[in-house]
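I have placed the structure first, in the form of structure tokens, so that the comments after it can refer back to it.
Positions are given from 1, in the same order as the sequence printed here. Computation of the quantities below employed the complete heavy-atom set of this structure, encompassing side-chain atoms and omitting hydrogens, waters and symmetry-equivalent molecules.
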Amino acid sequence: PYSTANRSRAAQLYQVSCDYEYAPGCTTLATWLERGFPITSDVTRALGLYRRGCDLGDPEACRRLGIAYE
């Protein structure tokens, strides 16, 4: 269940969902990128995804973005 291929595919699908303006997809992918699990960390990209999720109306994305800026 945690193979590299599965994690990579899941990340791609969250990105697609974010591209189609599904805010929780943006937030989930951002959380993975921020934590570096189950995919490689990229905090800069995570912040952008939190911003997008927040702009799309996900309160969790707004909360996490605020914490990151704090």
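A donor-acceptor pair under 3.5 Å is formed between the side chain of T31 and the backbone N or O of T27. Looking only at distances, no side-chain donor or acceptor of S41 sits under 3.5 Å from a matching main-chain atom of R35.
When all heavy atoms of L29 and R45 are compared, the pair lying nearest together is CD2-NH2, 3.7 Å. Counting all heavy atoms, side chain and backbone alike, G25 lies closest to C18 at C-CB, 4.3 Å. Considering every non-hydrogen atom in both G53 and A61, the closest pair reads C-CB, 3.6 Å.
Side-chain contact between S8 and Q12 is present, with at least one heavy-atom pair separated by less than 4.5 Å. Counting heavy atoms from C-beta on, the side chains of L65 and L47 come closer than 4.5 Å. A heavy-atom distance below 4.5 Å is found between the side chains of L56 and C26.
With sequence neighbours excluded, the residues forming a salt bridge (charged side-chain N to carboxylate O under 4.0 Å, His left out) with R63 are E60, listed by chain and number. Residues passing the ring-ring contact (aromatic ring centres under 6.0 Å, His included) test with Y14 are W32, sequence neighbours excluded.
Through side-chain heavy atoms spaced under 4.5 Å, either directly or across other Ile, Leu, Val, Met, Phe, Trp or Tyr residues, Y22 is tied to no other residue.
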**OP:** Apply side-chain contact (heavy atoms from CB on, under 4.5 Å) to T44 and D42, showing your working.
**Re:** CA-CA 6 Å; T44 303; D42 184 342; 3.9 Å; yes

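Partner L49 forms a side-chain contact (heavy atoms from CB on, under 4.5 Å) with one of Q15, E34, R64 and no other, that one being Q15.
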